[in-house]
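Just below is one structure, and these are the notes that go with it.
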Amino acid sequence: MTTDLVAAVDIGGTKIAGALVTGEGELLHRVQRPTPAKESASDVLRAVTEVVTSLVRTRDWSRVRALGIGSAGPLDARLGTVSPVNIPGWREFPLVEGVRKTVGELPVSLVGDGAAIAAGEHWIGAARGRSNALCMVVSTGVGGGLIVGDRLYPGPTGNAAHIGHISVDFNGDRCPCGGRGCVERIASGTNIARYALAAGWRPAEPAGDATAAGVAVSAAAGDPIALEAFDRSARALAAGIAATATLVELETVVVGGGVSQSGAVLFDPLRRALGEYATLPYVRGIDVLPAQLGTDAGLVGAAAVCWTAPDTFLPQGEAGN
C-alpha cells in the first residue's frame, strides 16, 4: 500500500475539523467537532483527540505519511505549543505532544491557521502561481500567512503575517491579545457586528441574524449603519495590508473566511481603501482576490504544508537540529 495521503487537522475558535488529504488536495473521511473553547485545556485536547482518533480508525490510515495541524495562534512551532487568543484554556499548551499520544511517531507539522490558509491557496487556490502573496482569513478573528519567493514563510515560530494583530489605531480599543487598535479588533466578523449594534443597527426582523452575516445583508440593501460597519472593517484591513506590502512587496492579497462571503459589501470598500493607503510605486495595483478554498482552506492548507515541504516531516524536537 503506497503512502499517498496526509492527515490534516484545523483548530479554530468554534470548530475542530479533520480529514485525510490526497496529493491533489482532495479531502477524504472528513470529521468535525465543536471547539469547547471556554472549557479546560484537557477538554479542548479531548476534542482534538476525538477528531484525530476518527481519522486513525479509517481504512486509509495506513496510507498516511504525515500529520499537518493548522491552529489558531499565536503558537510556537519549534516547541509544538499553542496559545490561541480565542481558546483561553490553551496557553503554551503542548499540542504536538498531546496529539503524538494518538499518532505515535508519525511526522507532525504545526503551523498557524493563517499560514495554513496561505499554503493551501498557494497550492491549489487563488494564489497559485503567485510568487509573493498575503492570504488572509477574516472570520471570528483575523489571521494571515505569507508566500515569499514562491514559498510559504511561516517565520521561526510559525507566526509570521499574523496581520490581525497589527495595530492600525493607536487610540483604539484594547484587544484580547493585549495590544490596542488591532486590525482584528475592528475588522473581524465579531467586531463588525459589535460596532453595528452599538451604533443602533438591528436586524430587519426581531429574530433576525445579528452577526456580521446579518449586517452584510443590511449593507447590501443600503442600510447606512451596516455600510459604515463594513467600510470601517475594510479600512482596517487595507491599512494592515498596505503596511505588509510596504515591507515585503506583495503582488496579490487573497481574502477568505466567513466575512469574505459578504462579497462586494466587503471587497469594494477594501479595494478603494487599499488604493488610498498603498500609494508607493512598488505597492500600487495589488490584486485583491476572494479565496477559492472556502471552509476547506484550513484543512487543505495544513495538508499543503506537508505536501509542499516534505523536509518538515520531523518528529517533535528534531526540527531545530
Side-chain angles (χ1 to χ4, degrees), residues 72-75 85 111-119 121-122 126-127 130-192 195 228-257 259-260 266-291:
L75 52 81
V85 172
V111 294
D113 52 0
I117 289 169
E121 290 289 341
H122 184 245
R130 307 298 179 103
S131 296
N132 296 285
L134 170 68
C135 298
M136 302 175 63
V137 55
V138 186
S139 186
T140 306
V142 176
L146 273 176
I147 302 297
V148 178
D150 210 36
R151 294 177 63 88
L152 177 69
Y153 178 74
T157 65
N159 295 291
H162 204 343
I163 188 172
H165 297 288
I166 290 177
S167 177
V168 293
D169 181 1
F170 61 82
N171 288 321
D173 293 342
R174 184 71 69 183
C175 177
C177 77
R180 188 178 291 279
C182 293
V183 171
E184 179 173 301
R185 183 65 177 166
I186 300 169
S188 72
T190 302
N191 287 298
I192 289 172
Y195 177 85
E228 170 59 22
F230 268 89
D231 183 71
R232 181 173 177 268
S233 171
R235 285 184 172 277
L237 292 170
I241 292 167
T244 305
T246 301
L247 291 174
V248 298
E249 298 194 49
L250 300 173
E251 58 184 308
T252 303
V253 174
V254 176
V255 184
V259 176
S260 73
L266 175 69
F267 282 93
D268 285 355
L270 174 56
R271 291 183 176 115
R272 285 196 302 270
L274 190 56
E276 295 177 20
Y277 295 140
T279 57
L280 290 171
Y282 68 93
V283 295
R284 292 178 192 156
I286 298 170
D287 285 337
V288 179
L289 305 172

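We're numbering straight along the sequence, starting at 1.
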Practice problem: Name all residues meeting the side chain to side chain donor-acceptor pair (under 3.5 Å) criterion together with Asp173; count only those two or more places apart in sequence or in a different chain, and write none if there are none. | Solution: Arg194
Practice problem: Please confirm whether the backbone N or O of His165 pairs with a side-chain atom of Glu184, one donor and one acceptor, at under 3.5 Å? | Solution: no
Quiz prompt | Flag, side chain of Asp169 to backbone of Arg180, donor-acceptor distance under 3.5 Å | solution = no
From [X] atom [atom1] to [Y] atom [atom2], the distance as rounded to the nearest 0.5 Å:
X: Leu289; Y: Arg271; atom1: CG; atom2: CZ; result: 7.0 Å
X: Leu274; Y: Ile286; atom1: CG; atom2: CD1; result: 5.0 Å
X: Thr157; Y: Leu75; atom1: OG1; atom2: CG; result: 6.5 Å

Quick one: are [X] and [Y] in side-chain contact, heavy atoms under 4.5 Å?
X: Thr140; Y: Thr190; answer: yes
X: Leu237; Y: Val142; answer: yes
X: Thr244; Y: Ile166; answer: yes

Which pair of non-hydrogen atoms, one from [X] and one from [Y], has the smallest distance, and what is that distance?
X: Leu146; Y: Ala161; result: CG-CB, 3.5 Å
X: Ser188; Y: Val259; result: C-CG2, 4.5 Å
X: Ala187; Y: Ala236; result: CB-CB, 4.2 Å
X: Cys135; Y: Glu121; result: SG-CB, 4.0 Å

Restricting to side chain to side chain contact (heavy atoms under 4.5 Å, CB included), what partner residues turn up for [X], sequence neighbours left out?
X: Arg235; answer: Asp231, Ala273, Glu276, Tyr277
X: Ser139; answer: Val137
X: Pro176; answer: Val85
X: Ala229; answer: Ile192, Tyr195, Ala196, Val215

Quiz item: If you draw a 6.0 Å radius around CZ in Phe170, do more than 12 non-hydrogen atoms from other residues or ligands fall strictly inside?
Solution: no
Sequence neighbours excluded and cut-off under 3.5 Å, please list the side-chain donor-acceptor pairs for residues 245-257, or say none.
| unit_1 | atom_1 | unit_2 | atom_2 | d |
| --- | --- | --- | --- | --- |
| Thr246 | OG1 | Ala242 | O | 2.8 |
| Glu251 | OE2 | Ser131 | N | 2.7 |
| Glu251 | OE2 | Asn132 | N | 3.0 |
| Thr252 | OG1 | Arg130 | NH1 | 2.5 |

Quiz item: Among Ile241, Val148, Ile147, which residue meets the side-chain contact (heavy atoms from CB on, under 4.5 Å) test with Leu134?
Solution: Ile241
